[in-house]
Amino acid sequence: MRSKGHSVSVILAEYGVTDYIRLRTDIIVRLPTKEEARRLAQPETEPVMLTKKVDVDMKGTPISYSETVWASERMQFSIDDTSQQLKVLAQAENGEGEGLGYASRMKSAPVWLGVACGREQCRCST
């Protein structure tokens, strides 16, 4: 379904997951495999960035894991956790959840705000 253009949120909603947060994102810089270099149209000597992501539902149950390889020379990641903190604060203000104490127990990770790419061939997912 992801290959057909459906967002991750739409796909998860079809399985009953109405809300989730990013638990963890690891960003690793390494040299690409031959196949990754070919798919990203770059030399094998040019580093790539590998992101490994884990999402959890609002109870803390892991619901998704992904790895994506990015052409590092053509990428810029902007990471910010402000939106997650504001959401938790708003829930606490409305008497829902437990405020930031809840977020820290959930080990909430930064929310990806954007990914910029200079070319069409910027990533290959596994």
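Here, residue 1 is the first one in the sequence, and each next residue gets the next number. These numbers come from the heavy atoms of this one structure, side chains and all, not from hydrogens, waters or symmetry mates. This structure is a prediction, so every number in the text was calculated from the model and none was measured.
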What pair of heavy atoms forms the shortest contact from [X] to [Y], and how long is it?
X: Q42; Y: E46; value: NE2-O, 2.8 Å
X: P62; Y: V54; value: CB-CG1, 4.5 Å
X: P43; Y: P32; value: O-CG, 4.0 Å

Open item on the list: Do Y65 and I21 sit in one hydrophobic cluster, given that two such residues count as connected whenever their side-chain heavy atoms are within less than 4.5 Å of each other, even indirectly?
Closed with: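 As far as the 4.5 Å side-chain criterion goes, I21 and Y65 are connected within one cluster.
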
Could you tell me the separation between the [atom1] atom of [X] and the [atom2] atom of [Y], rounded to the nearest 0.5 Å?
X: E44; Y: R38; atom1: CD; atom2: CZ; result: 11.5 Å
X: E73; Y: L40; atom1: CD; atom2: CG; result: 11.0 Å
X: L12; Y: E14; atom1: CG; atom2: CD; result: 9.5 Å
X: T68; Y: L50; atom1: OG1; atom2: CG; result: 8.0 Å

Task: N/O donor-acceptor pair under 3.5 Å between S72 side chain and M49 backbone - done: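 Such a contact is absent between S72 side chain and M49 backbone.
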
TODO: Would you kindly say whether S64 and Y20 are connected by a side-chain donor-acceptor distance under 3.5 Å?
DONE: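 No donor-acceptor contact under 3.5 Å links the two side chains.
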
Open item on the list: Any heavy-atom pair between the side chains of V48 and R30 that's under 4.5 Å?
Closed with: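 R30 vs V48: side chains touch.
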
Open item on the list: Evaluate R24 against D26 for side-chain contact (heavy atoms from CB on, under 4.5 Å), listing each step before the verdict.
Closed with: CA-CA 7 Å; R24 179 182 179 110; D26 294 322; 3.0 Å; yes

- [ ] Run through V69, I27, I28 and flag the one making a side chain to side chain contact (heavy atoms under 4.5 Å, CB included) with T51.
- [x]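 Considering V69, I27, I28, a side chain to side chain contact (heavy atoms under 4.5 Å, CB included) with T51 is found only for I27.
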
TODO: Could you tell me whether R39 and E36 make a salt bridge, using a distance below 4.0 angstrom between a side-chain N and a carboxylate O?
DONE: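 No.
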
Task: Side-chain ion pair, K53 and D55, N-O less than 4.0 Å - done: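 Looking at D55 together with K53, the answer is no, because their closest N to O distance does not fall below 4.0 Å.
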
